[in-house]
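All chains are named by letter (A, B, ...) in the order of the sequence lines, taking the proteins before the strands, and each is independently numbered beginning at 1. The structure presented is a predicted model; accordingly, all values stated were derived computationally and were not measured.
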Amino acid sequence: MESRKHLYLVDGSAYIFRAYHRLPPLTNPEGVPVGAVYGYTAMLWKLAEDLHKADGPTHLAVILDKGSITFRNALYDQYKANRPPPPEDLRPQFPLIRDATRAFSLPCIEEEGLEADDLIASYARAASARGWDVTIVSSDKDLMQLVGTSAVGGGHVDMLDTMKNQRIDIPEVVEKFGVPPEQVGDVLALMGDAVDNVPGIRGIGPKTATKLIQEHGGLEQALAAAPEMKKSKLRESLIEQADMARLSRQLVALKEDAALPLPLEDFELGPIPPEPLGAFLATHGFTSLQRKLASAATLHIPEALAGAVSAGAQHGGEQHSGGESGSAPAPASTRQPLPDWPAIDREAYACVQTMEDLQAWIARAEAARLVAIDTETSALDSMRADLVGVSLSTGAGEACYIPLGHHGLDMFAEVPLQIPREEALAALKPLLESDAVLKVGQNIKYDLTVLARHGIAVAPIDDTMVMSFCLDAGRGEVGLGGHGMDELASRHLSHTTILFKDVCGTGKKQVSFAQVPLADATRYAAEDAEVTWRLHQLFAQRLSDEGGTRIYQRVDRPLVPVVAGMERAGIRVEREQLATLSTRFAAEISRLEAVIHEKAGGPFLIGSPKQLGEVLFDKLGYKGGKKGKSGQYSTDQSVLETLAGQGAEVATLVLEWRQLSKLKSTYTDALQAAINPDTGRVHTSYSLVGAQTGRLSSNDPNLQNIPIRTEIGRQIREAFVAAPGHVLLSADYSQIELRLAAHMADVGPLREAFEQGEDIHARTAQELFGEVTRDTRSRAKTINFAILYGISRWGLAGRLGTSADEAQAMIDRYFERFPGIQRYIHDTLESVRARGYSETLFGRKTWFPRIASGTQAERQGSERAAINAPIQGTCADIIKRAMARMEPALAQAGLSRVKMLLQVHDELVFELPEEDVAAATPVIRAVMAEAAQPAITLSVPLGVEIGTGPSWGAAH
DNA sequence: GAGGTCACG
DNA sequence: GACGTACGTGACCTCT
C-alpha cells in the first residue's frame with residue numbers, strides 16, 4: 001500500500017556553474033548578475049511541478065558545497081588546488097542559490113568538510129537502502145558511480161541532466177565509460193581529472209583507462225597485470241605511478257556513510273507556498289515566472305513550509321538519537337553549554353528616536369539577515385491592543401527599542417520624543433516583509449496580528465516559543481507550559497529578565513506600557529528582543545541536533561501565520577440572540593433558586609460546592625456524601641445524579657441550576673462581552689503550545705468548548721452565524737483517533753471495519769459481545785474510548801457500572817480480539833520509559849518526566865497520558881497539516897473568498913459565500929482527507945463529514 | 001491562587 | 001492498607 005518514494009537530490013553548486021556558461025548574462029533590477037540564478041530557479045520550478053508525476057519527486061533537497069577544505073585535502077594537499085577562481089559575475093550568484101532555495105521553501109543541505117558529492121552519495125545510499133528511488137539532478141561524472149539498484153533495499157538510483165533533459169541510467173553510464181557504474185571509480189582513478197587536480201596516471205586518458213578496466217576487471221587487477229604487459233610507455237607508467245592511481249582512487253571515491261544532517265523524511269516535497277517565492281521573483285525581476293506564479297495553475301496544494309529550512313542543517317550528527325538512554329532524562333537546562341556570549345547588558349540598549357537611527361538599525365538587520373523582534377502594546381488582546389513600541393535585536397549585545405506610542409504618565413505629562421508611528425512603520429515594513437530576512441519572535445503570532453492591523457505582513461518567521469514547544473513539550477511545570485519567555489531565559493540562558501509587572505506594576509496600580517518612561521521601556525523591551533535572539537540561536541541548533549526540525553518546519557511553524565489569520569478573521573456572533581438566551585436563563589435560574597432554597601429550608605449559595613455539600617449531606621441528611629482530601633463533600637454531576645436517582649428532588653434542581661448558570665456565565669453573557677467593537681466579531685486566541693500533545697487550545701474566549709451535547713446548550717451554537725450572503729461550513733474528521741489507533745497499533749479487525757465504512761462501535765460490540773444491541777454498542781463505545789485514554793479496570797468499571805473484575809474480563813477480551821492494542825501499549829510504554837518521551841507519526845515528542853515516579857498515582861497517570869499522547873498528537877499533526885495547506889489549496893481553486901475561522905481539534909469551520917459551497921466542499925474534503933500524505937500513508941482512510949448552514953449549529 | 005465544577009474534543 | 005482511578009483543554013465561581 002505504501003506509495004513509492006522518489007527522492008531528488010539537486011547538485012546545486014554544479015548546476016550553477018553550468019547554467020552560468022549556458023545562459024545569457026541577465027542582471028536583476030539592482031544590476032546584480034542573476035543569469036545562472038534564473039536558470040536554477042526555472043529548474044527548481046520545473047522539478048516542483050513534477051511532484052507525483054510518474055518518475056517525479058515525492059522528496060527533494062538541494063545539496064551545496066560548503067567551504068573548500070574537505071577530507072580529500074588531507075589525502076592530497078593538491079586536491080582542487082589549481083581550480084581557477086569563479087568568474088567575477090558568477091560569485092555574487094552563489095549566495096543567491098541559497099536564497100532561491102529558501103524562496104521555494106526547499107531544504108538546503110551543506111556540511112563543513114564534505115563536498116556536495118559526498119552528501120549526495122550518502123543520501124542516495126540511505127534512501128535506496130530503504131527502497132526509495134533516487135534521482136540525482138546533476139551531470140557530474142563522479143556521481144555516475146552511484147547509478148544502479150540498491151542490493152539492500154531495492155531502490156533505484158539514476159541521474160537527470162536537466163539542461164539536456166536527459167536521464168542517465170546504467171546504459172548511459174556504460175555508453176560514456178564503457179564500464180558499469182561500479183567500475184567508473186576505477187576508470188576515473190586511471191584517467192585523473194585536470195579540473196579537480198586528481199593526478200591519475202600521466203598519459204592515460206578516458207579511452208585507455210576504459211580499455212584497461214574492461215580487460216582486467218578493475219584497477220588493482222590492471223595494476224597487478226602491468227608487469228606481464230608487453231613493454232611500452234603504458235606499462236612503465238602503470239608500474240611507476242601505481243601509487244598515484246591508488247591515491248586517485250581514494251580521491252574519486254565518494255563518502256557514502258556521512259552523517260545525514262537532516263533525516264530523509266524532512267525532504268518531503270510539498271507544493272510550494274506562493275510566498276516567499278513571489279517576493280523573491282519580484283526582487284530579481286523574473287517576470288515570466290512571476291506571471292506563472294500568478295496564474296499558478298501549476299502549483300500544487302501547498303504544504304506551507306516557509307523560510308529558513310537550511311538553518312537546521314549546519315550541524316552534523318544523528319537525528320533520531322533515541323534520546324538519552326537509561327532512566328531519568330536530563331533536564332533541559334543542563335543539555336548544552338551556553339555559547340560564549342557576553343552577559344546581557346540592559347544599559348547598553350539604544351532607544352531609537354530619530355529616523356536616521358532607525359535606518360541604521362534596519363540596515364543592520366538586513367545585513368544580519370535575521371532579526372529578533374518584539375512589539376509592545378497597551379493590552380493583551382492582539383485584536384484590540386494599540387502598538388506602543390517595537391524592539392529589535394540583531395545579535396548578542398545588539399538590541400534597541402523604538403518607542404512609537406508612548407504618552408507620559410498622565411494627560412499633563414510631556415510626550416516623549418518619538419518617530420511618528422506611521423513613518424517608522426513605513427520604514428520597517430520592507431524589512432519585516434523581506435524574504436531575505438528571517439524575523440524571530442517569542443509568540444510571534446501576537447506580533448503578526450498587531451502588525452497586520454497596520455498593514456504589515458511579517459514573513460518569513462521563526463517563533464522561539466513554538467521551537468521550545470517542539471523540543472520540550474511536557475518538560476515544563478508552570479505558566480505557558482514552561483514556554484514563556486521569562487522561564488526560557490532563566491532555564492536556557494541562566495538570566496533573569498525584567499518582568500512585566502516590574503515595569504507596569506500589578507492590580508490597581510498597573511499602568512499601560514504607553515505610560516512607562518522610555519528608559520525603563522527600553523531596558524525591558526530591548527532585553528526581550530535580545531533574549532529572543534539568543535534563544536533562537538540555541539533552539540535552532542537543538543532542533544537540528546535532537547530531531548525536532550521535521551515537526552517544527554513542516555507542521556508547527558507553517559501554522560503560525562495561518563492561525564494568526566484565523567484569529568484575525570474572527571466569527572460573527574448574534575448579540576441579540578445571546579441576550580435573549582441570557583434573559584431566559586436568568587428567569588429560570590431565579591425560579592430554581594427559590595425552589596432549592598425552599599427545599600433546603602433556607603438560603604445558601606448554590607454555586608458554593610462547600611455550602612451545597614453541607615446542605616445536602618449534613619442538613620438534609622442524604623447518604624453517600626464523600627469527602628475528598630480537602631475535607632469537603634463532593635457534589636459533582638455523578639454524585640448529584642446518584643442522589644436524584646434515589647429520589648432527592650433537590651439534586652435534580654441543583655443539576656438544572658448548574659447547567660443554566662454555566663451556560664449563562666460562561667457563554668451567553670461572556671460571549672456578548674467578547675464581541676470586538678471594531679469588527680463586530682468574536683476573535684479567540686489560539687495557543688500553539690497550550691496542550692502537551694500538540695493540540696491547539698483556545699482562550700479569551702475559548703471557542704473550542706461551545707456547547708453541543710445538550711439541546712439547551714446547542715442553542716448557543718445557533719448564535720454563531722455567517723455574514724449576509726454567506727454560510728458556515730463545518731468539516732469534521734470522523735472517529736479520527738480510533739482510526740489512528742487502528743493504524744498505529746495495526747489492529748486488523750478495526751482497520752477492516754473502517755475500510756468497509758462500518759459502524760465502528762457496532763463492530764466492536766460484535767467482536768466483544770457477539771451481538772449488536774443498543775446496550776452492547778454503547779458499552780463497546782465506552783471501551784473504545786477507554787482504550788484511547790489508557791485503560792484501568794477501575795476506571796472502566798466506574799463508567800460501565802460493573803465490578804472491576806468484570807471490567808478486567810472485558811479488557812482481556814478486547815486485547816484478545818484486537819491483539820495489536822496490547823502490543824501498542826506495551827511498546828509505547830517501553831519506549832517512553834527508555835527515552836523519556838513519546839512520539840507521533842510525524843515525529844512530535846511529548847516528554848513524561850514522571851513516567852518513573854515512585855508515587856504510584858503519578859506514575860500511572862503518566863502511563864495513561866503516554867498511551868494517549870501519540871494518538872491525540874498524531875491527530876493534532878494531521879489537522880495542522882490540513883490547516884497549513886488549506887488556504888493555498890482554496891486559492892488555487894479560485895476560492896479565496898472561503899475563510900477558515902475555527903479549529904476544534906477534529907473540526908474546521910469556514911465562512912464562505914453561498915455560491916462557493918459546491919466548489920469548496922471537495923477541496924476542503926480532499927485537503928483534510930489527504931493531510932497525512934505524502935509523509936505518511938495510513939492503512940485506514942480518513943473520513944471527513946461536511947455540513948453547511950446559516951449558523952454553526954445548523955452546519956452540524 | 002487553589003479547588004471544584006463542567007463546557008468541549 | 002491507602003491511594004484514586006480515562007486522555008487533553010479553559011472559564012467561572014467561591015473561598016482563603
Verify the contact: side-chain N or O of [X] to OP1 or OP2 of [N], cut-off strictly under 4.0 Å; return yes or no.
X: A/R864; N: C/dC7; answer: yes
X: A/R709; N: B/dG9; answer: yes
X: A/R658; N: B/dC6; answer: yes
X: A/R799; N: C/dA6; answer: yes

Between A/S734 and A/R739: side-chain donor-acceptor atoms closer than 3.5 Å:
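A donor-acceptor contact under 3.5 Å links the two side chains.
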With the sugar-phosphate defined as primed atoms, P, OP1 and OP2, and the base as all remaining atoms, what B/S/- string results for nucleotides 9-16 of chain C, 5' to 3', for protein heavy atoms under 4.0 Å?
SBBSSSS-
Going by ring pair (Phe, Tyr, Trp, His ring centres under 6.0 Å), name the residues that satisfy it together with [X], two or more places apart in sequence or in a different chain.
X: A/F617; value: A/Y633
X: A/F769; value: none
X: A/Y552; value: none
X: A/Y814; value: A/F818

Mutual orientation of the aromatic rings belonging to A/W952 and A/F720 [parallel < 30°, tilted 30-60°, perpendicular > 60°]
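Ring orientation of A/W952 relative to A/F720: perpendicular.
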Round to the nearest Å and state the distance from [X] atom [atom1] to [N] atom [atom2].
X: A/R793; N: C/dG4; atom1: CZ; atom2: P; value: 18 Å
X: A/Y633; N: B/dT5; atom1: OH; atom2: P; value: 14 Å
X: A/E945; N: B/dG9; atom1: CD; atom2: C1'; value: 14 Å
X: A/W952; N: B/dC8; atom1: CH2; atom2: P; value: 11 Å
X: A/D906; N: C/dG8; atom1: CG; atom2: P; value: 17 Å
X: A/Q704; N: B/dC6; atom1: CD; atom2: C1'; value: 16 Å
X: A/F720; N: B/dA7; atom1: CZ; atom2: P; value: 16 Å
X: A/L660; N: B/dC6; atom1: CG; atom2: C1'; value: 13 Å

Can you name the residues that form a salt bridge (Lys or Arg N to Asp or Glu O under 4.0 Å) with A/D759, not counting sequence neighbours?
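Listed in chain order: A/R777.
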Who passes salt bridge (Lys or Arg N to Asp or Glu O under 4.0 Å) against A/E863, sequence neighbours left out?
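Residues passing salt bridge (Lys or Arg N to Asp or Glu O under 4.0 Å) with A/E863: A/R833.
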Is there a donor-acceptor pair closer than 3.5 Å between any side-chain N or O of A/K445 and the backbone N or O of A/D463?
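Side chain of A/K445 to backbone of A/D463: no pair is present.
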Describe the nucleic acid contact of [X] in one word from base, sugar-phosphate, nothing, applying a heavy-atom distance below 4.0 Å.
X: A/S661; result: nothing
X: A/S638; result: nothing
X: A/I867; result: nothing
X: A/Q637; result: sugar-phosphate
X: A/L696; result: nothing

Pairs involving residues 663-674 of chain A, ordered by first then second residue, that meet salt bridge (charged side-chain N to carboxylate O under 4.0 Å, His left out) (sequence neighbours left out):
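Every pair satisfying salt bridge (charged side-chain N to carboxylate O under 4.0 Å, His left out) with a residue in residues 663-674 of chain A: A/K664-A/D669.
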How would you list all residue pairs meeting salt bridge (charged side-chain N to carboxylate O under 4.0 Å, His left out) that involve residues 805-818 of chain A, not counting sequence neighbours?
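Every pair satisfying salt bridge (charged side-chain N to carboxylate O under 4.0 Å, His left out) with a residue in residues 805-818 of chain A: A/E767-A/R817, A/R813-A/E816.
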For DNA chain C, what dot-bracket results from Watson-Crick or G-U pairs at under 3.5 Å, with [ ] for crossers and | for inter-strand partners?
......|||||||||.
With rounding to whole Å, what would you report as the distance between [N] and [M] at their [atom1] atoms?
N: C/dG4; M: B/dG3; atom1: P; result: 13 Å
N: C/dC3; M: B/dC8; atom1: C1'; result: 30 Å
N: B/dG4; M: C/dT5; atom1: P; result: 11 Å

Looking at OG1 of A/T693 and CG of A/N868, how far apart are the two atoms once the value is rounded to the nearest 0.5 Å?
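Between A/T693 OG1 and A/N868 CG, I get 7.5 Å after rounding to 0.5 Å.
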Which nucleotide in C/dC7, C/dA6, B/dT5 has an atom nearest any side-chain atom of A/T635:
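Of C/dC7, C/dA6, B/dT5, B/dT5 is nearest to the side chain of A/T635.
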Which pairs, protein N/O on one side and nucleotides 1-3 of chain C N/O on the other, fall under 3.5 Å?
none

Tabulate below the donor-acceptor pairs under 3.5 Å that side-chain atoms of residues 819-831 of chain A make, not counting sequence neighbours, or state none.
residue: A/Y824; atom: OH; partner: A/I867; partner atom: O; Å: 3.0
residue: A/T828; atom: OG1; partner: A/Y824; partner atom: O; Å: 2.6
residue: A/S831; atom: OG; partner: A/R835; partner atom: NE; Å: 3.4
residue: A/S831; atom: OG; partner: A/R835; partner atom: NH2; Å: 3.4

